[in-house]
Every structure is written in structure tokens, then in C-alpha cells.
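Reviewing the structure listed below.
It should be emphasised that the depicted structure is a prediction, and the values quoted were computed from it without experimental measurement. Whatever order the structure lists them in is the order used to number ligands and atoms, beginning at 1.
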Amino acid sequence: MNATDRDCGSRTIELIRDVRAHLRYLAELGATHVEESPASRDLLKEWLERAHSLSTRSDEHARGLPASPREALEATVEEETPKEEEPMASKRRASAETRPERAAEQPALFGDLPLLPAAPPIEDSTLDDIRADVGECTRCKLHRSRTTIVFGEGDPRARILFVGEGPGAEEDAQGRPFVGRAGQLLNRMIEAMGFRREEVYITNVVMCRPPSNRTPEPDEIATCEPFLFRKIRVIKPDVVVALGAIAAQSLLGTKAPIGQIRGRFFDAHGTKVLPTFHPAFLLRAPERKREAWEDLKKVRDYVLSRSRSEEATR
Ligand code: URA
């Protein structure tokens, strides 16, 4: 074995450690379906590909090391993971069963994956707890160009939670979600449903503005979405309205296009999730507003029927 081989081998092991550390970090933040999140999966896939390209340059494998990064990962995990099923693993499986569209489309990266440590999801008491944990966040590269972290706003006990993609220029300047043109349309949509903006909660998948309003990247989504999932667990809304593809894909762990999944209720994160078009898209394609309105009426009717039946049982 020469020095280059040794270097490749140890860099591969380092990458494996990185992957494991990232999984542990996500679990600490409360992520419960890392194996199924497109964002996390893309990130892990990228690491694995890098690891694979390094490892195939080395002849270490011929000397009894695992034959692929995946096997290397599994071998490392095998050594460190207790054999009995961890509560988190069974919880993850249970939640996967409630999410349609995903299992068939996206095989888990590490098979049955007892990869995450058994850390339970973080259970916050209030949104302030989560805000305190976010702090002056520097966890992903978006912190470099943001002015303000846009955490979200509204009634912490809202029945409806609207989730967008990420702050734009206005939101970044004011530190409030949906205050630009798309926000004005969202306000009108909320009012048309018979609610006031203050009665719902509004947030985004990522809390920092992506430069030039580009789409958030998979690593940025993977870093920020655990906070979104924690917000849902605290607010316990009747319905989460996913505004646009990025929110729907993050919340449902699917890659399905928004046109295919909009207007349907999905069970995820302990509540109902209904994807619909993003208001910014509706500004560009006003002829699709009618479909969005049909979706929002379903949300309104569902929420009203829940509050009526709650009143009846009081
Ligand atoms: N678009 C979003 O997705 N979120 C905002 O907060 C504003 C515009």
C-alpha cells in the first residue's frame, strides 16, 4: 500500500464519520425521517459519491476492507449499533407508513437503517424555545448573506400553518415572513378563507434568504427543516398548508411535482398537510388561482368541521 492509497482510505473513513456526525446532528434537532427527506438524501448521496470516487482509487478493498462506501458505512454502523430495534427506528418506520408517494419512489439509502442514534426528537414547550435554539444561526451557508433570520409569525396555537419556501428581499429586511408581493396575495387568500393573518401561523422551510432569491439547496433545507418540524409539533395545527413544491417536498419527503400532489390531504408530522401553489407562482400564473382557491376551501372546510365537532364535545 502506497501513501496515496493510505490517504484515500483515511479520507473515505473521514467522509463516513462526516455522514454519521451529520445524521446525529439531524437527530438531535428532532429529525425523524432523515432517510426519506429528499434534501438529506441528496446530501448523503453526494457524500457517498465522493467517498466512492475516493475509495475506488484505492486498492485497500482488495485487502479485506469493505468493497464500497455503502458497505463501509454499514460495517462501521454494524460495529456500533445495538442489534435490538431502537424506539426511534420503529417510530421512523411508523411515520414513513403515513406518508404516501415516498416509499416506492425512494428506497432508503442505507436499507433498514439503524443508522441514527436513539436520540428522541426534541420536544419543545414553546416556539420561544425553538427560537432560542436557532440563536444567531450559522449552521448553513445562508447565514453569510442574510440580514435577519425570519423565524415565522402568527398565533402559536393556530389551526392553520402556512409554510413557504424561504424569505425574499422584503422578508429579509423586515424579519417577517410573506410581507412582499407574494405575501400580500397570501393575506388576501387567508382573508378569503375567513381568517385573519394574525389567526394563522406563517413560516418557511428555510429561515434565511437565499442569495438572489434562488431556490434553497438540499443541504440548506436539510439543516433548517428540523426546526420547521419542531414548530409543527409545538403549534399542533389542524392543517399545514405547503405553499409550493419546496415546502411540499420537504414536508412530505417526496420529489413529486406540486401539480401532482396539490389539493390533497396527506398525513405527516402528526397532522394533515395540504400542498397548493405558491402565491409567487400565482402572481406569474393568475389563471391557476382558481385551483388554489379550490384547495384552500378544502382547508377551510376541514378546519371549520374540526372546530365544530370540538365545540360539540365540550
Ligand atoms: N416567499 C416565500 O416562500 N416565503 C416568504 O416568506 C416570502 C416569499
For R214, does the CZ atom have more than 12 heavy-atom neighbours from other residues, nucleotides or ligands under 6.0 Å away? yes

Kindly write out the residues that satisfy side chain to side chain donor-acceptor pair (under 3.5 Å) with D128, not counting sequence neighbours, or none if the list is empty. none

Applying salt bridge (charged side-chain N to carboxylate O under 4.0 Å, His left out), name anything that partners E165, two or more places apart in sequence or on another chain. none

Carboxylate-amine/guanidinium contact R233 D124, below 4.0 Å: no

Select all protein residues for which some heavy-atom-to-ligand 1 distance is less than 4.0 Å, and list them by chain and number. G164, E165, G166, E171, P177, F178, N204, H278

Validation: residues 177-191 side-chain donor-acceptor distances under 3.5 Å, sequence neighbours left out:
unit_1	atom_1	unit_2	atom_2	d
N187	OD1	R197	NH1	2.9

Using ring centroids (six-membered ring only for Trp), state whether Y302 and F265 fall under 6.0 Å. yes

